[in-house]
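Start at 1 and go down the list; that is how both ligands and their atoms are numbered. All figures in this text were calculated on a predicted structure; none of them were measured in a lab.
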Amino acid sequence: MEELASRGVDVLRVVYPDLLGIDRGREVLVEALPQAMEHGLAFCRAVYHTTPTGETIPVPGGLDQGLPDMAIFPDLSTVQDLPWEPGVAWCLGDARNPDGSRAGEDPRAVLRDLTAKLGELGLTAIVGPELEYFLLNPDGTRHGDSKGDVYTAGRRGDPDGHLLKALRWTRDLGLGVTMANHEYAGSQFEINLTHSEALDAADRAFRFKAAIKEIARLDGRMATFMARPFDDEGGSGFHVHLSLTGADGRNVFDGPAEPYGLTETARHAIGGLLAHAPAAAALLNPTINSYKRFGPDTLAPWLIDWGLDNRSAMLRVPPERGAGARLEVRLGDASANPYLGTAAVLAAVYLGIRDRIEPPAPLEGYGYDTSRSAVLPMSLGAALDALEADAAFGALLGKELVTSFLAYKRNEVERFERAVTDWEFREYAYHL
Ligand code: GLU
Ligand code: MG
């Protein structure tokens with residue numbers, strides 16, 4: 001506390017992820033921090049069951065229990081000064097039940113459990129997150145007509161220098177960003193984050209999304225990590241680069257003498273990711289809109305397959321070996337909660353290794369052959385059914401999380417099915 005005050009910080013913004021990965025939080029005056037550290041910050045537990053438009057929906061343990069409390073405890077090891085708000089620092093918080101016990105819905109806790117599970121096998125997961133997003137005007141239209149600025153840097157695709165500002169500020173926030181460019185679609189950007197242990201990587205990805213949204217707002221714009229915001233463009237991915245290290249810190253995927261230069265552990269990790277992809281999709285592709293990103297010829301996946309340096313596959317093994325031997329899981333979209341998406345990847349990998357699941361031969365060339373590989377779930381409802389059906393996978397994420405997630409998301413599907421969309425109006429209103 002003295003340390004914060006001595007560098008001119010008088011407010012600590014404490015944020016934590018809800019089920020969707022939205023940053024919820026509170027500004028705490030530094031003089032009130034000792035109290036917050038002792039008792040936590042009380043929030044209604046139904047924050048976890050609140051939609052992006054502010055409706056609280058019935059999920060067990062929320063509305064039905066009379067909207068009880070949970071407490072958020074600041075994690076002071078994560079304090080960073082906010083470059084655009086002088087005097088304000090922000091940190092992450094961990095959720096606990098009022099009796100001090102672990103809150104099973106806390107996405108950070110769920111991911112921590114998965115890292116511990118891999119720890120039982122003597123393994124540490126190293127994750128490099130890649131996130132794409134669109135920059136929009138406040139009315140939701142694209143900022144600049146930058147079709148064709150595919151993988152460019154500079155003012156053509158980014159007329160007022162959003163990306164440079166975002167790159168520098170997210171660097172100053174200690175988020176481990178490394179480089180940035182205009183992505184494939186018009187007004188779409190990507191900033192890469194370096195790799196680190198899974199929880200730290202998810203913390204950085206979560207904060208990165210919050211920071212980018214805030215930075216866009218400062219300029220009167222909106223950044224969206226929605227999976228596929230426009231009919232005429234591809235979507236935004238959350239690619240997860242994953243390697244595993246053993247007790248000696250060496251990469252356990254690197255197998256110079258083995259097929260494809262990959263160890264048996266790497267093969268089993270691939271096997272697990274393919275076998276549990278339908279269930280993992282529920283967490284890595286968690287919205288109705290997510291399934292509109294999938295498809296052949298999209299750079300997003302469609303089939304449950306893997307390939308060597310092959311971007312048409314769901315799982316790409318980049319060409320590096322040695323310490324850089326890794327898997328690039330291309331399944332997730334940018335709307336995924338980084339904690340739950342990463343936890344889903346780790347759960348599938350854990351099961352693949354534990355159950356010694358052998359993958360089929362890799363995809364050769366650019367290909368979408370449905371006689372060879374199964375199609376991913378093509379709707380949120382189908383992915384939720386796969387999550388519910390995959391007991392081993394669900395057990396790793398925890399009963400409480402899976403129960404809440406299914407209840408929340410099934411309510412989302414029902415609400416969508418009842419809503420009249422602009423597509424229906426365009427299709428039917430004139431002639432019918
Ligand atoms: N935007 C693509 C996706 O939705 C990925 C493009 C790329 O390969 O970076 O996954
Ligand atoms: Mg990209």
Measure the spacing between CG of Asp113 and CG of Leu346 and express it to the nearest 0.5 Å.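 Asp113 atom CG to Leu346 atom CG measures 11.5 Å (nearest 0.5 Å).
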Does the separation of the ring centres of Phe225 and Phe238 fall below 6.0 angstrom? no
Pair Tyr133 and His182, ring centroids less than 6.0 Å apart: no
Taking salt bridge (charged side-chain N to carboxylate O under 4.0 Å, His left out) as the cut-off, I'd like each qualifying pair that reaches into residues 203-218, sequence neighbours left out, listed once. Arg13-Glu214, Arg108-Asp203, Asp200-Arg204
Under 4.0 Å, counting heavy atoms only: does Gly234 come that close to any atom of ligand 1? no
Does Glu183 have a non-hydrogen atom less than 4.0 Å from ligand 1? yes
Is the charged tip of Arg96 near the ring of Phe73: under 6.0 Å from the six-membered ring centre and within 45° of its axis?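 Satisfied, under 6.0 Å and within 45°.
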If the cut-off is 4.0 Å to any non-hydrogen atom of Arg330, which atoms of ligand 1 fall inside it? 7 (C), 8 (O)
Less than 3.5 Å between some nitrogen or oxygen of Gly235 and one of ligand 1, yes or no?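 Indeed, backbone or side chain, Gly235 has an N or O that close.
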Which one holds for Ala185 and ligand 1: side chain close, backbone close, both close, or neither close, with close meaning a heavy atom under 4.0 Å? neither
Side chain Thr170, main chain Leu167, donor-acceptor under 3.5 Å: yes
Judged by atom type as modelled, is there a donor-acceptor pair below 3.5 Å linking the side chain of Trp169 to the main-chain atoms of Ala211?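 Flag not set: sc Trp169 to bb Ala211 has no pair under 3.5 Å.
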Heavy atoms from other residues, nucleotides or ligands near CD of Glu258 exceed 12 (cutoff 6.0 Å):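 Counting neighbours around CD of Glu258, more than 12 heavy atoms of other residues, nucleotides or ligands fall under 6.0 Å, so yes.
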How far is atom 2 (C) of ligand 1 from the closest protein heavy atom, and which atom is that? Glu132 OE1, 3.5 Å
Closer than 2.8 Å to the Mg ion (ligand 2), how many protein N/O/S atoms do you count? 3
Nearest heavy atom to atom 10 (O) of ligand 1 wins, so pick from Glu328, Arg293, Arg316.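 When every heavy atom of Glu328, Arg293, Arg316 is considered, Arg293 comes closest to atom 10 (O) of ligand 1.
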